Amino acid sequence: MKPKKLKESFYLQDDVVLIARELLGKHLLTNIDGVLCGGIITETEAYAGTSDRASHAYGGKRSKRTEVMFHEGGVAYVYLCYGIHSLFNIVTNVENVPHAVLIRAIHPMTGIDVMLKRTKKSKAGPGFTDGPGKLSRALGIHHKHTGMSLFGNKIWLEDRGVKIDEKDILVTPRIGIDYAGKDALLPYRFLLKGNNF
DNA sequence: CGGCCGATCCACT
DNA sequence: GTGGATCGGCCGA
């Protein structure tokens with residue numbers, strides 16, 4: 001199957017939890033600093049808008065940081081966490097519905113040498129791009145890229161025909177959101193079983 | 001304007 | 001297993 005860039009209709013779907021599941025196996029690509037890098041998405045988390053205590057947009061909160069989440073689906077929401085890490089999210093749903101999917105891990109495929117250099121690693125083994133902060137650094141994604149369209153030529157997603165079987169998907173609660181009360185228990189995290197990355 | 005804290009990672013014990 | 005790094009956003013004064 002020929003690679004095809006994910007288009008608007010994918011990002012406008014109403015069910016962000018379903019989108020998070022469907023993003024497994026899709027390719028995330030960047031062309032930053034003139035270098036093509038990318039990999040297969042292996043772990044995601046859904047953030048379900050104004051009613052989700054774990055979401056930055058909980059209660060409909062708008063701020064300079066969260067405003068981009070209210071944008072129509074198909075843009076990047078990248079923010080700085082712990083003063084060090086840029087976390088990459090995909091904004092979904094229609095304008096004013098602030099849904100997003102956090103990409104937590106990828107299996108590197110393209111531009112591995114450059115990604116190694118960016119992360120100061122010597123080889124692409126376990127622990128290379130298995131966290132949201134790490135994969136952003138490897139791909140060259142910075143919080144200055146927040147609001148960027150995913151239909152452009154810097155950051156985008158492709159369907160390359162990777163088929164994911166239901167039995168290979170692990171579903172768990174989300175990570176690092178203990179402050180979210182009962183919403184911390186929601187099964188909104190999806191990962192591919194047996195992936196080393 | 002000051003203080004607190006985070007959707008994390010790494011070095012060190 | 002634990003704590004420090006490090007800084008923008010947010011809230012209260």
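Chain letters run A, B, ... following the sequence lines, proteins first and then strands; every chain starts at 1. Being a predicted model, the structure only gives us computed values, none of them experimental.
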- request: Identify whether the distance between the nearest side-chain nitrogen and carboxylate oxygen of K7(A) and D159(A) falls below 4.0 Å.
  value: no
Can you tabulate the close N/O pairs, meaning under 3.5 Å, that link protein atoms to atoms of nucleotides 8-10 of chain C?
residue : atom : partner : partner atom : Å
dC10(C) : OP1  : S63(A)  : OG           : 2.1
dC10(C) : OP2  : S63(A)  : OG           : 3.3

task: Determine, for E43(A) against R189(A), whether the closest basic-nitrogen to carboxylate-oxygen distance falls under 4.0 angstrom.
output: yes
Greater than 12 external heavy atoms within 6.0 Å of R53(A)'s CZ: no
field: Positions of residues 81-104 of chain A (non-hydrogen atom under 4.0 Å from DNA chain C), listed by number
entry: Y82(A), G83(A), I84(A)
field: Ion pair check, K134(A) and D130(A), cut-off under 4.0 Å
entry: yes
Close side-chain approach of I169(A) to L191(A), heavy-atom, < 4.5 Å: no
Euclidean distance for P, dC4(B) against dG4(C) (whole angstrom): 15 Å
message: What I'd like to find out is whether the side chain of L29(A) reaches to under 4.5 Å of the side chain of E158(A), using heavy atoms alone.
response: yes
field: Taking every non-hydrogen atom, the tightest pair across F151(A) and S149(A)
entry: N-OG, 3.0 Å
- request: Would you kindly give the OH-to-C1' distance between Y179(A) and dC5(B), to the nearest whole Å?
  value: 11 Å
task: Taking the six-membered ring of Y47(A) (Phe, Tyr or Trp), confirm whether the NZ or CZ of R174(A) is under 6.0 Å from its centre and within 45° of its axis.
output: yes
- prompt: Can you find a side chain N or O atom of Y77(A) that sits less than 4.0 Å from OP1 or OP2 on dA7(B)?
  reply: no
query: Taking CG from D52(A) and P from dA7(B), how many angstroms apart are they, rounded to a whole number?
result: 12 Å
- prompt: Can you check the E43(A) CD to dT8(B) P distance for me, whole Å?
  reply: 10 Å
message: Under 4.0 Å between a side-chain nitrogen and a carboxylate oxygen: does that hold for E166(A) and R21(A)?
response: yes
message: Taking R118(A) first and then D33(A), would you say they form a salt bridge - that is, a charged N and a carboxylate O separated by under 4.0 Å?
response: yes
message: Please report the distance, rounded to the nearest Å, between CG in D178(A) and P in dA7(B).
response: 10 Å
query: Considering residues at least two apart in sequence or located in another chain, which fulfil the side-chain hydrogen bond (donor to acceptor under 3.5 Å, both in side chains) criterion with T66(A)?
result: S63(A)
message: Taking ring pair (Phe, Tyr, Trp, His ring centres under 6.0 Å) as the definition, give me every residue that meets it alongside Y79(A), ordered by chain and number, with sequence neighbours left out.
response: H56(A), Y77(A)
Under 3.5 Å between N/O atoms: give me all the protein pairs with nucleotides 10-13 of chain B, atom names plus distance.
none

field: Pairing annotation in dot-bracket form, given for DNA chain C with Watson-Crick or G-U pairs under 3.5 Å and | for cross-strand partners
entry: |||||.||||||.
message: Can you confirm whether M115(A) sits close enough to L139(A) that some side-chain heavy atom of one is under 4.5 Å from a side-chain heavy atom of the other?
response: yes
message: Taking dA7(B) as the reference, what is the distance to dG1(C) when you measure between their C1' atoms (whole Å, please)?
response: 22 Å
